[in-house]
Amino acid sequence: MVSAFIFRRFSTNQIVRFYSVSHGVKTITHVNKTCCTLDFGCNVWRPVKILIPNNYHALNLSLCYSKMTDQSRNAWIIKDDPRLVSARQKDFFVDILDDRRHTSDLAWSLRQRDEPKYQYNKPRSPAEVKGHVLKSDRVKYAIEKTMEETGKSLEEVTKEAVYIVDEMAHNLRVGVIRCFAMVLVKVMKKLFERIYVNEEAIQNVRAMLKEYPILLMPSHRSYLDFLLMSYVFYHYDLPLPVIAAAMDFMGMKFFGWLLRNSGAFYIRRSFGDDQLYWAVFTEYVQTHICNGDSPVEFFVEGTRSRTQKSLPPRIGMLSASLEPYFKAQVPDIMVVPVSMSYDRVLEEKLYAYELLGVPKPKESASGVFKARSILSENYGNVHIFIGEPKSIRTYSIGQISRISHSISPRYIASLTFREQALIQKLSYDVLLQQIRNMAMSPWSIIAAVLLQNMDGISMKELLKEVDWLKRQASNLGAYIDWPVNESAEAVIRHNIFTHKNIATVTEDNVVELIAEDTSLTQNQDPLFTSAAQEMMVCLYRNQLLNVFVRVALIAIPINSCVQETMPLSELKAHYSLLEKLLSREFIFMPGDAEKDFDVALASLTHTCGVVVENDCVLVKKSINKYTTFFSQMFEPFLLGYWAMCRYLLSIEKGSHGKPLVKLPKTISKEAQVLSAQLIRDGHVKRKEILSLDMMSNSLQALYDLGAVHKEKREGTSYMYPNLVLLSKLTEDLCKFIDVPDLPRTTINVDTKTVTVNAKL
Amino acid sequence: MSGITKQTSLKSSPCASESDPPSIPKRRQELLKWNGWGYKDSKFIVNKDNHVEFTGERYQLSGHTLTLLRDWMIATIGISLDHKTPPQSEITAKDMPPPVRNEEFLADMRRTNISHTDDCQDRLFRAHGHTLAEIFTLREGRFKRIPDLVIWPINHNEVVKVVELACKHNVCLIPFGGGTSVSGALECPANENRMIASLDLSQMNKILWVDEKNLVAHAEAGIIGQDLERLLAKKGFCTGHEPDSMEFSSLGGWVATRASGMKKNIYGNIEDLVVHIKFVTPQGTMEKSCQVPRMSSGLDIHHFILGSEGTLGVVTEVTLKIRPVPECKRYGSIVFPNFEKGVACLREIARQKCAPASIRLMDNEQFQFGHALKPEAKSMYTNFMDGLKKFYITRIKGFDVHKMAVATLLFEGAKKDVDAQEKRVYEIAANFGGLAGGADNGERGYMLTFAIAYIRDLGFEYYVVAESFETSVPWDRCLDLCTNVKDRLHRECKERGIQFPPYITCRVTQTYDAGACVYFYFGFNYRGVQNPVQMYEDIEACARDEILANGGSISHHHGVGKMRKPWLRKTVGDVGLGAMRAIKEYIDPNNIFGNQNLMVGEPEDHHVNTVRNVVASKL
């Protein structure tokens, strides 16, 4: 006696729930691949045959009924296994690929999309945007100025401006997007097991999009970042972002066109003081924000972080994007940090070689096609965490006064010092939030353990260590993507399998790093080939370092202390020196050293057995597994920095006793030569210190600390050491780590030979 | 010390209007509402049919039922006819602070024969202007401080005498003109321990002479706008100065606050109209020695007086420019598809310097409000015509009723000039998608201005607090300012948990070569809110911050008073403020004119003291 049927049609596939009440037993059945919901109540059970109109699935309800067993709880359970955990939904994440694996991609990419619109948006085409830019006061002003300065005619300069805007502009088109979306989803399904997104934040973004212009600021660790970002926005019916992309993509024939039509706009890597370019670029970005045409996406790191840590922020693009708020052209701007975490990075090998100084191949269409081989590999999961949006208005309350812009035209670029400082702070905040919201893959933890056991480690030992480290990371606030329903060993084996190019499990259950990649070209220096292999492991450990860096910078001085006790003031001084030294390597909020120190010390005393009494650290008691492990994680960096110092100290003096100036690039390269020699001679084991990135970071940090001077000659910067400060710093470094005993080194640049003179 | 002369006996000879009784009696409360806007007989009420009706016979709207208004109020601000907040009954003597009495002063006053009283209702009436907080206090609370005495001088010499006595006995004087201030300027400072006397100029309401050769008229400062125009009109002249408050506001008040008139495009604002001012200060009377159109004589002393807001002295007589009454006066209106187009059109009209006497652009919310204020149609014919108009605009021209904006126009001048100007304005408007919307709509738009002051009192009856505020802004920022301020208001309401949608609307009311004047109305339904006035003021303060951040000004014509003091330093800078204080220090060292408006004459402010010391040592 079915009393009522309610058919509710859904546009595409949905999980269908239907309830049938019979004899007081409630049944809820989830059926995939049907397209309607039925709700009906009936008191007496009768088999009913229902034809579902959409895809002709007949359901015989009696079948459901027959499955029911005597236990009433089983009536609402489909799979009776408490260890079965949905992989689709996980904490705050939802896998958005799951749906795509069950239904037509074509229908998905062609479906009606219900995009929210910014409340003050005036719809316009990409061509109209270009027209607006060229007609804008800002560009007109810049054209005038350029004419004045270069003596060119209005026509010529206007032509230049048109060229710039044509080169820059995106051409976001729904048609192209739909095709691209369809291809993209196929690629994504091939590459990844799952793409997780914190869905709740999407609803938030959706609501916010209507109210305020949005800046999307994802972390940048792979080319895939912006593709994924667009994919997520497409998936959730959000307006596709326009993306500030680097020029290198534009050169690619088809891909460049495709990206441009999917919302990428191209910006030259450096345009110095080309004011016309500046004006066009600024106006182009700002008009998108003021009119809220699309969310504007860019990477605050400026470029992909090859090391998989985060790069210090570049604030040019952020400043240009936020200026409309300071000039009161928009009521507010929302900054949304996004964290993209990859189980396995597509470009791992490329990065490793790049870091060592083997130039990456120029992005070219053929390169992309070659990447087809990539498609046959498995890259695990991606986690995309959309962070808490920051309102620039709220962020700047009490910090700045926008009134100062009232007395000059708004198209003349000008930001006050306070505004610039605020932007700088915001950029760090965004980065730190990105870091906080990263999902840590188990592989990062495994990599960190493996790097401290370079000769291999038994599975049993590895299990123990990984579990320990996981706990520590978790205590420090990291989100670790660790499946609950599998044994630790299974997780580790699975992860090693995903990274089978890096690590392997031997027959007697020892986990080892694979020493050399044989597939690579033969004419490489074997040292560098094996260094690249090690570097790849480092990339994954690096992801974890952000979690530990602050506690480690306290652990290092404790661990290397030879006294009985260390006063906190001394510890703090060490911390702040190390922080300054590593400030290019890791992200520290400028001015927060004191606070960071206190928090990190609290964590160490609270959970890691560091003992503080009467404002002194009891060193002996405090040196333990925690401090040792944390210190060791960061030692390669200090070692690398030490090598740089040694190299700088060895630079020959010119005729006046002043060291010869060199190009920063040359210095990094030559420091690398020294490191290579140290490794070859067996003084140092870690090949990580061959990283050119580490060398240039250390050089920059030394410059910041005043240990290296800069000198401009004919527009180019040269550097030379400040020997007094540098010797002092080198001595300090030696206190923190064990270094090989090298009284004197000489380097012959021409022959690229390093003589390490062991004699006193 | 040029420009500042000791008062010499000047015999003024009234020539016009001596027989006319004053429009406003000494006991103002007999004619005007004691706790609301305007005449007692005119107010919005909800009648027995539950419709809004405007009472009285004074105005075009009087006696009409506004059938659409109730539903508009329910839909827009969420009022409910079941939730009423009637005002308290009259505040009586026991609820007022007892007067501070300076017996020597009172004794001297009695000897002068100058009319004065300490009647509590008279004192109460002069304790406030018309800000939301003040009216709300009248309806719901009591004042901490009110004037202790009301004085009605009848001519310049009496004012001079009163000021002399006040100086002699250290009594605080607060000049009172029409009492329409919306800046808290009339509020008595709570920290004032001296006797406060309200110097009510309402009895100084005569036009002393009209000089047709030079087209100037000389009038006493207490004359109110409508009387001035009416009396001049008898002689075929007008000043053309028509602020929205002209029914009640006074000539002296206009000067003291730098008032602006609706028709300033033809006649100019008060600073353009003034030829000569007689200003009584504690140091004596300050005036220029000649009545010339312009002169270069160092700092212009008129500009100390204009905008001094009663902190330096009191205006007693003013010579104003006058014009022959225009031959032709015509209303008009333009409908724009949206507000942006409207602003662009106004900008273009300003650029071409062809603005009519008045041009105002209402945003969509205000346009809808204006529509709700339509009285019930008197005939089938008007109904039919209205329907036809709507059909034409929305269906044929494709305007969105929820986006369109309306500009109201007022043309004045010789007929052929008006014709030509009208043609030109509509031509420009057409370039911005504007359609002529008829004279009726224009006229109704101006009516709305006067009605809106009355309608706030109806809102008060139903849990609505509302107020207007204004600013001036450069053209390039005008639209952004409107958008951002509205957005800020909405956001602040939301964040403060106001449960009903606020009513937020703006209009561009004046155009200048370099910018415009923008007027905001903001009100909300405060059911469920603890302290609506405080909340209103907090939100308005946010809006003012936003205005300044958007390149707008502290005020276009309402003035600073006490409400906008927090933004004065930001506006004029430290040196500017110091200069103002230095002038105050010289002209009124004992702070006789102690209403504490602007940022001068506050005893507790350290800065005042330092400035004082510096000035003292220099003089």
Side-chain angles (χ1 to χ4, degrees), chain A residues 117-124 132 135-138 140-141 207-208 210-213 283 286-287 289-292 322-334 389 391-412 414-416 418-419 422, chain B residues 337-341 343-344 347 363-364 400 402-403 433 471-495 504 506 514-515 518 538 541-554 564 566-574 576:
Chain A
K117 266 266 163 241
Y118 174 51
Q119 55 179 338
Y120 303 118
N121 173 260
K122 302 256 170 330
R124 50 185 187 168
H132 166 91
K135 274 188 294 182
S136 68
D137 293 333
R138 183 188 305 271
K140 274 191 204 155
Y141 179 72
M208 227 163 42
K210 293 182 194 157
E211 294 196 33
Y212 299 112
E283 188 62 34
Q286 292 188 358
T287 187
I289 289 163
C290 294
N291 190 38
L322 292 181
E323 197 187 358
Y325 172 73
F326 297 121
K327 302 267 175 89
Q329 282 161 301
V330 287
D332 199 353
I333 297 171
M334 289 291 176
S391 137
I392 178 65
R393 170 191 293 284
T394 318
Y395 196 81
S396 59
I397 284 176
Q399 312 273 315
I400 52 139
S401 166
R402 289 180 289 163
I403 298 176
S404 53
H405 296 297
S406 292
I407 43 178
S408 53
R410 296 188 285 185
Y411 57 79
I412 300 177
S414 62
L415 286 176
T416 62
R418 301 188 82 174
E419 281 159 355
L422 188 86
Chain B
N338 56 44
F339 188 66
E340 291 80 351
K341 287 262 199 267
V343 172
R347 204 281 161 265
D363 69 357
N364 185 264
D400 181 346
H402 297 287
K403 287 210 174 119
T471 189
S472 47
V473 61
W475 278 117
D476 70 318
R477 287 168 170 270
C478 183
L479 206 55
D480 285 340
L481 180 132
C482 295
T483 309
N484 291 346
V485 171
K486 286 185 191 176
D487 188 89
R488 181 77 184 266
L489 286 167
H490 278 290
R491 178 169 171 149
E492 295 293 337
C493 288
K494 201 162 128 191
E495 280 173 9
I504 296 163
C506 73
V518 181
D538 291 348
C542 292
R544 184 61 62 184
D545 283 339
E546 190 66 37
I547 286 173
L548 262 64
N550 277 268
S553 65
I554 185 169
R564 282 174 276 279
W567 296 276
L568 189 57
R569 189 187 291 274
K570 282 181 199 158
T571 302
V572 300
D574 289 340

Checklist entry - So, are B/Arg488 and A/Asp332 salt-bridged, with charged N and O less than 4.0 Å apart? => result no

Checklist outcome for this item: salt bridge (charged side-chain N to carboxylate O under 4.0 Å, His left out) filter on A/Arg393, not counting sequence neighbours, yields B/Glu546

Item to check | Distance in Å, B/Asp480 CG paired with A/Cys290 SG, rounded so as to fall on 0.5 Å steps | outcome: 7.0 Å

Checklist entry - Under the side-chain contact (heavy atoms from CB on, under 4.5 Å) criterion, do A/Lys122 and B/Glu340 qualify, and how do the steps go? => result CA-CA 11 Å; A/Lys122 302 256 170 330; B/Glu340 291 80 351; 3.2 Å; yes

Checklist entry - Just by modelled atom types, is the B/Asp545 backbone N or O under 3.5 Å from a matching donor or acceptor in the A/Arg402 side chain? => result no

Checklist entry - Counting heavy atoms not belonging to A/Arg418, are there more than 12 under 6.0 Å from its CZ? => result no

Item to check | B/Asn484 (side chain) donor-acceptor with A/Ala328 (main chain) under 3.5 angstrom | outcome: yes

Next on the checklist: According to side chain to side chain donor-acceptor pair (under 3.5 Å), who are the partners of A/Gln119, at least two apart in sequence or on a separate chain?
Outcome noted: B/Asp487

Checklist entry - Below 4.5 Å, heavy atoms only, C-beta onward: do B/His490 and A/Glu211 meet side chain to side chain? => result no

Checklist outcome for this item: Honestly, the part of B/Arg491 sitting under 4.5 Å from a heavy atom of chain A is side chain

Item to check | Shortest non-hydrogen separation from A/Ser406 to B/Gly551 and the atoms involved | outcome: OG-CA, 3.2 Å

Checklist entry - Do other residues, nucleotides or ligands put more than 12 heavy atoms under 6.0 Å from the NZ atom of B/Lys486? => result yes

Next on the checklist: Once rounded to the nearest 0.5 Å, what's the spacing between atom NZ of A/Lys327 and atom CG of B/Asn550?
Outcome noted: 13.0 Å

